[in-house]
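Written out below as structure tokens is the structure these notes cover.
Counting begins at 1 with the first residue of the sequence. Quantities reported herein were computed from a predicted structural model and do not represent experimental measurements.
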Amino acid sequence: MARNVVNIEDVSKAFDIKELLVGVSLGISEGDRIGIVGRNGSGKSTLMKVMAGIEPPDSGRVTKSNSAKIGLLSQVDLANPESTVGEVVLGNAEKHEWASDPNIREVFTGLFGSFDDHIFDRKFGQLSGGERRRVGLAKLLINELDLILLDEPTNHLDVEGVAWLATYLNNRRGLAVVVVTHDRWFLDAVTDRTWEVVEGKVEEYDGGYSAFVLSKAERSRQASVMDQRRNMLIKKELAWLRRGAPARTSKPKFRIDAANILIADEPAPRDQGELLKFALNRLGKTVYEAHHVQVKLGEKELIDDLYWNVGPGDRIGIVGVNGAGKTTLMKTLTGEIAPTAGKLVTGVTVKAAFLTQHLDELDPTWRVLEAVEKVANRVEIGGGRELSASQLCERLGFDRESQWTPVGDLSGGEKRRLQLTRLLMDSPNVLLLDEPTNDFDIETLTELEDLLDSYGGTLIVISHDRYFLERVCDRFVGLLGDKKVRDLPRGVDEYLEQRAESIAALSAPVKEKKSSNAAEERQLKKDLTRVERQMEKCGSRIADLLKEQDNSAFDAERLIAISGELTELQAEKSKLEEEWLQLTLSLDA
């Protein structure tokens, strides 16, 4: 029977006057794989912090096994900016204490692509958001834990990094994992249970994200049948109440009460939102044609000899390694960056809109409605109909009250939604989206996908969200860092296969040089034993000198001699550690 790790019993938690958790009782056992879903602000991260013991509950109880070791990856990656990656992840441990650990090597190779000193020596403050996320994951994954709580672990990771993380977690079956993420592919790959946080409660479902959607649809269908029956009862009761004086006597009061209860419980209609058709400007046969195009960013050549055709109605997903030129390719198509060689033809009828990763073009002092009206006051939606800016905002999730919210007070996801609304208000027929899913919850993502389903123009998307890419795109191209743009008929799976082959090809020459015969292996083991003895002897001598240094505080000449010898010994120890590491790597190859 699986050991219980954490229990929460009748837990409630509120911030200000908003109740996020109300009387929640849940349990996590050894080996559980649980995904937490829900709207932004529903309490997902708060639930994880309560389970981790970081946030105390307002009421109820949280208990954990005495021997349970729990780790939490929060959404914000914090550390001393002056600390190196090695110090953040490994603390003050000496290299020979951890360098031969296969788990540490697997984690660093999987997250950073290699296992060498230039990674460990980089300052945390100089890292990008994606690199900081990888450092946070590495610090968590190298430890022997019973439960890890992951809050948006795939943020800033590329498709390849997400696939590696899923495989790694699936290989550690005894580890309990609870994850909050909007990455639905990752949820399906890793989890086998789903918790939905909604209105302070937690609804439990068996299975990953796909099973959750099916189960929720079935619950909705059953609820719909019950609603139909209830609506019939309402109609019957209201009809009976309208029959005049006999219905208002005290005798049938229980029936009047029953009708009032039914009316009071009637739920508000769900905000479905009408599917809008924005690509009204007709596209010709040509959208983009690249003929032997070369693209550089500064002195770095990113794309060479590109021959590519993008046609009307194409829905293309772009995947690739960081720094390979995905965003630069989009900027080239929109004319922000000129090709350094070759020819790029843009169709005469093309009216493009580019959703960037940045939000700096939105003035924080604008109101939501004002930001939309600066693009257009009204927009046609086909069939001779049109919407005002206010009506469009309302249909895309900004109610009358929130339309007067300053842009600076919006969350990241709301700003992205506003930015997309502004683009669509201009009726583009070519839409280029660079990481459009950042900061969106799952429900907002499904609304965006539904909207893009109705979009009749050409769509080009960069995203690390594999589920989103496969949901909205029909064709895929990949940038593997070799200056080529490759067609991927089998989509993301083919990209991951090509990346694995590329990495294997790069490492093959190194592996060929490494000896695999028994005689050389024996020699390597002898050399390793010799180096370990020398390291131990060197370490012992350093310890003796440090003690002698303390006892010679008033002997200047002896202190100078000790200091010189210590410097030599520490340099010798460093060389021995490097030799020991190389021997260890050779033996493991």
To the nearest 0.5 Å, tell me how far [X] [atom1] sits from [Y] [atom2].
| X | Y | atom1 | atom2 | result |
| --- | --- | --- | --- | --- |
| L47 | I36 | CG | CD1 | 4.5 Å |
| L469 | R315 | CG | CZ | 12.0 Å |
| E196 | R39 | CD | CZ | 10.0 Å |
| R486 | Y495 | CZ | OH | 10.5 Å |
| L418 | L423 | CG | CG | 9.5 Å |
| T327 | I318 | OG1 | CD1 | 8.5 Å |

If we ignore hydrogens and angles and just use 3.5 Å, is the side chain of [X] paired with the main-chain N or O of [Y] as donor and acceptor?
| X | Y | value |
| --- | --- | --- |
| N429 | T349 | yes |
| K326 | V321 | yes |
| T191 | R33 | no |
| T194 | G207 | yes |
| K351 | D426 | yes |
| E435 | H464 | yes |
| T340 | Q294 | yes |
| Q419 | L355 | no |
| T167 | A163 | yes |
| N170 | A189 | yes |

Under 3.5 Å, is there a donor-acceptor pair between the [X] and [Y] side chains?
| X | Y | answer |
| --- | --- | --- |
| E55 | T46 | no |
| S463 | D465 | no |
| S402 | D399 | yes |
| Y168 | N103 | yes |
| R184 | S210 | no |

Taking all non-hydrogen atoms of both residues into account, name the closest pair between [X] and [Y] and its distance.
| X | Y | answer |
| --- | --- | --- |
| D188 | G208 | OD1-C, 3.6 Å |
| V293 | V295 | CG1-CG2, 3.7 Å |
| V180 | K44 | CG1-CE, 3.7 Å |
| W366 | A371 | CE3-CB, 3.8 Å |
| R132 | G125 | NH2-O, 3.4 Å |
| G325 | L479 | C-CD2, 3.7 Å |

Exercise for the section: Go through the steps to decide whether D493 and R466 satisfy the test side-chain contact (heavy atoms from CB on, under 4.5 Å), and finish with yes or no. Expected result: CA-CA 10 Å; D493 284 332; R466 179 171 174 177; 2.4 Å; yes
Close side-chain approach of [X] and [Y], heavy atoms under 4.5 Å:
| X | Y | value |
| --- | --- | --- |
| L90 | I104 | yes |
| D434 | F354 | yes |
| F120 | V89 | no |
| L157 | D183 | no |
| E497 | R490 | yes |
| E449 | T446 | yes |
| L165 | L141 | yes |
| M48 | I54 | no |

Practice task
Name the orientation class of the two ring planes belonging to H292 and Y307 (parallel below 30°, tilted from 30 to 60°, perpendicular beyond 60°).
Solution key: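 H292 and Y307: tilted rings.
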Practice task
Only one of T334, L432, L329, L431 passes side chain to side chain contact (heavy atoms under 4.5 Å, CB included) with I460; say which it is.
Solution key: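 The residue from T334, L432, L329, L431 that satisfies side chain to side chain contact (heavy atoms under 4.5 Å, CB included) with I460 turns out to be L432.
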Problem - T346, V350, L344 screened by side chain to side chain contact (heavy atoms under 4.5 Å, CB included) with L333, the one that passes - result: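 Testing L333 for a side chain to side chain contact (heavy atoms under 4.5 Å, CB included) against T346, V350, L344 leaves exactly one candidate, L344.
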Practice task
For side-chain contact (heavy atoms from CB on, under 4.5 Å), just list the numbers for D363 and K374, CA-CA rounded to whole Å, side-chain angles, deciding distance to a tenth of an Å, and then say yes or no.
Solution key: CA-CA 11 Å; D363 189 326; K374 284 184 178 291; over 6 Å; no
Exercise for the section: State whether F112 and R134 meet the cation-pi test: NZ (Lys) or CZ (Arg) under 6.0 Å from the six-membered ring centroid, and within 45° of the perpendicular axis. Expected result: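 No - R134 does not lie over the ring of F112 by the 6.0 Å and 45° rule.
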Handout entry: Electrostatic pair D151:K49 at N-O distance under 4.0 angstrom
Key =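 Looking at K49 together with D151, the answer is no, because their closest N to O distance does not fall below 4.0 Å.
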Exercise for the section: Run the numbers on L169 and V179 for side-chain contact (heavy atoms from CB on, under 4.5 Å), then give the verdict. Expected result: CA-CA 11 Å; L169 292 175; V179 57; over 6 Å; no
Practice task
Would you check, one step at a time, whether the test side-chain contact (heavy atoms from CB on, under 4.5 Å) holds for V477 with W308?
Solution key: CA-CA 10 Å; V477 296; W308 192 33; 4.0 Å; yes
Exercise for the section: Taking atom CD of E336 as the centre, report whether more than 12 heavy atoms of other residues, nucleotides or ligands fall under 6.0 Å from it. Expected result: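 More than 12 within 6.0 Å, yes.
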